[in-house]
Amino acid sequence: MDALTYLQNYEPDELVSVGNGTYTTKTHDSMRISNGLWNWFSRGIGGKTAVDYLIEVEGYSFKEAIQIIIDKTKIQRPFIYENNNKKENKLVLPEKNDNYNKAKKYLMSRGISKEIIEEFIQNGLIYEEKNYHNVVFVGYDKNKNARYAFCRATNDTRFMRDAKGSDKNYTFRLDSTNKSNRVHLFESSIDLLSYATLMNMKGLDYHNENMLSLAGVFKPSENVENIKLSSTIKKYLEENPNITEIHLHLDNDEVGRYAAQSLTKLLSKRYKVLDHPAPIGKDCNDYLCYMLGFKNFIKNTNENNIKNKQIVVR
């Protein structure tokens, strides 16, 4: 398996298109992947296979790299993407299962409200894949046509991938019922649902808010001048000219904090940009699980600093 096929199938959030069939990665922006090869220019190394990539870039041993690939292909066989420059935006939605029990159980294990899960399922935004029982998050365009789907494993693995033909201009989202002038940005669909659950817990109506999952499409860069808005954000703002406020709920890791800083610089000339990272844990879902008592996310945090902190919801 070549590195691009591996990343497209099993780590799609890492891939960032730089045009003409060439990709870089979210973590290493000096990486280039094209024509079946990868090159990490800042380190002067390169290769072809996924095994090479896992060893040289991710730091695994040969045996570990082989086992990672075996484990992932056991969960789902890789889809081989066409390597051409034509835009193939014909979305192929995974077949739906007869029931969505595993998807519901998984989402509830992450603290997501059963009421919210049921509503999103009823509205066609979430369902369970038949063959592998992945939970599928669907994104629609303004005409209510499905244009994007993200599949995530419902077991303990980290399997994640976009469905074939997904258009990241239309990622998983929730549109407000009252034409709100605010939009909340999240790195993942799980974080979006977690934030809606947190609002529900505080007695606030999440239907009044616009929420958008970025699906890992932000590309960091050492040079702020080289940073560009992702197509997801750009398309959303073009189609929603009423937006005046942008609320960032990105991760508390290095990439998430840098992304929040960069997006604030890019967008603050036209919009009011507010940064609301989770006060505890890595992201909104960590904080939700902490609030529900699912996990202990304060072991590496000074309790005096978080005693009165709460995530901003409105």
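Along the sequence shown, the residues carry numbers beginning at 1. The analysis underlying the following values was restricted to heavy atoms, covering all of them including side chains, and did not include hydrogens, waters or symmetry mates.
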Between the side chain of N200 and the main-chain N/O of S113, is any donor-acceptor distance below 3.5 Å? no
Is the distance between the ring centroids of F150 and F172 under 6.0 Å? no
Nearest heavy atoms of I69 and A50, plus distance in Å: CD1-CB, 3.8 Å
Do you know which two heavy atoms are closest between Y287 and A278, and how far apart they sit? CB-CB, 4.0 Å
Find out whether I190 and L107 are in side-chain contact, i.e. whether some heavy atom of one side chain is under 4.5 Å from a heavy atom of the other. yes
Are the side chains of R173 and Y236 in contact, using a 4.5 Å heavy-atom criterion? yes
Going from OH on Y140 to OH on Y148, what distance comes out if it is rounded to the nearest 0.5 angstrom? 13.5 Å
For the residue pair E209 and H207, confirm or rule out a side-chain donor-acceptor distance under 3.5 Å. no
Measure across T25 and V16 and return the closest heavy-atom pair with its distance rounded to 0.1 Å. C-CG2, 4.4 Å
Under 4.5 Å between side-chain heavy atoms, counting indirect links through other Ile/Leu/Val/Met/Phe/Trp/Tyr residues: same cluster for I66 and L7 or not? yes
Are the side chains of L263 and I233 in contact, using a 4.5 Å heavy-atom criterion? yes
Take a 6.0 Å sphere around CD of Q122 and say whether it holds more than 12 heavy atoms from other residues, nucleotides or ligands. no
What heavy-atom pair brings L274 and H276 nearest, and what distance separates the two atoms? CB-NE2, 3.5 Å
Using a 4.5 Å cut-off on heavy atoms from C-beta on, say whether the side chain of D205 contacts that of N208. yes
In L212, L248, D175, the residue satisfying side chain to side chain contact (heavy atoms under 4.5 Å, CB included) with V183 is L212
Determine yes or no for a side-chain-to-main-chain donor-acceptor pair under 3.5 angstrom, with T154 supplying the side chain and H133 the backbone. yes
Does any non-hydrogen side-chain atom of L267 lie less than 4.5 Å from one of L237? yes
To the nearest 0.5 Å, what is the distance between NZ on K168 and OG on S231? 8.5 Å
Is it true that atom NZ of K142 has more than 12 heavy atoms of other residues, nucleotides or ligands lying nearer than 6.0 Å? yes
Output yes when a side-chain donor or acceptor of R257 lies under 3.5 Å from a complementary backbone atom of D251, and no otherwise. yes
If every non-hydrogen atom of A153 is compared with every non-hydrogen atom of N134, which pair is closest and at what distance? CA-OD1, 3.2 Å
side-chain contact (heavy atoms from CB on, under 4.5 Å) between I68 and Y10, intermediate numbers included: CA-CA 10 Å; I68 287 169; Y10 305 119; over 6 Å; no
Do Y6 and E11 get their side chains close enough for a donor-acceptor pair, meaning under 3.5 Å? yes
Distance, nearest 0.5 Å, that separates OH of Y206 from OG1 of T177: 10.5 Å
Which heavy atom in A260 sits nearest to a heavy atom in L250, and how many Å separate them? N-CD1, 3.7 Å
Between M199 and M211, is there a side-chain heavy-atom distance shorter than 4.5 Å? yes
Thinking salt bridges, do K26 and E187 make one under a 4.0 Å N-O criterion? yes
Is there a donor in the side chain of R152 and an acceptor in the side chain of Y106, or the other way round, less than 3.5 Å apart? yes
Grouping I, L, V, M, F, W and Y whenever their side-chain heavy atoms are under 4.5 Å apart, do V136 and M108 come out in a common cluster? yes
Value for CZ (F159) from OG1 (T73), rounded to nearest 0.5 Å, stands at 11.0 Å
Report yes or no: does S166 contribute a side-chain atom to a donor-acceptor pair with the main-chain N or O of A149 at less than 3.5 Å? yes
Given the rule that I, L, V, M, F, W and Y join up when any side-chain heavy atoms are under 4.5 Å apart, are L4 and L37 in one cluster? no
Measure the OH-CG distance between Y132 and N155 for me, rounded to the nearest 0.5 Å. 13.0 Å
Under 3.5 Å, is there a donor-acceptor pair between the T264 and Q261 side chains? no
Do Y127 and V138 pass the side-chain contact (heavy atoms from CB on, under 4.5 Å) test, and can you show the C-alpha distance, the side-chain angles, and the key distance before you say yes or no? CA-CA 8 Å; Y127 69 90; V138 185; 3.7 Å; yes
Taking C-beta and beyond as the side chain, do I33 and L15 meet within less than 4.5 Å on heavy atoms? yes
Distance from R110 atom CZ to D191 atom CG, nearest 0.5 Å? 8.0 Å
Checking N169 against D167: is there a side-chain donor and acceptor pair closer than 3.5 Å? yes
How about CZ on R270, more than 12 heavy atoms from neighbouring residues, nucleotides or ligands closer than 6.0 Å, or not? no
Check: Y195 ring centroid to F186 ring centroid under 6.0 Å: yes
Do F120 and L204 belong to the same hydrophobic cluster, where Ile, Leu, Val, Met, Phe, Trp and Tyr are linked whenever their side-chain heavy atoms lie under 4.5 Å apart, directly or via other members? yes
Donor-acceptor pair between T27 and E14 side chains, under 3.5 angstrom: yes
Full working for side-chain contact (heavy atoms from CB on, under 4.5 Å) between Y100 and V135: CA-CA 8 Å; Y100 301 162; V135 57; over 6 Å; no
Polar side chain donor-acceptor pair, T5 to D2, under 3.5 angstrom: yes
For K104, is there an ion pair with E128 - N to carboxylate O distance below 4.0 angstrom? no
For D283 and N285, does a side-chain donor sit closer than 3.5 Å to a side-chain acceptor? no
Inspect the contact between K130 and D98 and indicate whether a charged nitrogen and a carboxylate oxygen are less than 4.0 angstrom apart. no
Between the side chains of Y170 and E239, does any donor sit under 3.5 Å from an acceptor? yes
Aromatic plane relationship, H184 with H249 - under 30° parallel, 30 to 60° tilted, over 60° perpendicular: parallel
Measuring only between side-chain heavy atoms, which start at C-beta, is M31 closer than 4.5 Å to W38? yes
In sequence, state the C-alpha distance, the side-chain angles, and the governing distance for N240 and I243, and then conclude on side-chain contact (heavy atoms from CB on, under 4.5 Å). CA-CA 6 Å; N240 296 274; I243 297 297; 3.8 Å; yes
Donor-acceptor pair, side chain of N210 and main chain of S180, under 3.5 angstrom: yes
Given the rule in the side-chain hydrogen bond (donor to acceptor under 3.5 Å, both in side chains) test, do Y271 and E245 qualify, once you have shown the distances and angles that lead to the verdict? CA-CA 6 Å; Y271 304 92; E245 285 185 20; over 6 Å; no
Is the backbone of N145 close enough, under 3.5 Å, to the side chain of D141 for a donor and an acceptor to pair up by distance? yes
Exam field: side chain E64 to backbone S61, donor-acceptor pair closer than 3.5 Å: yes
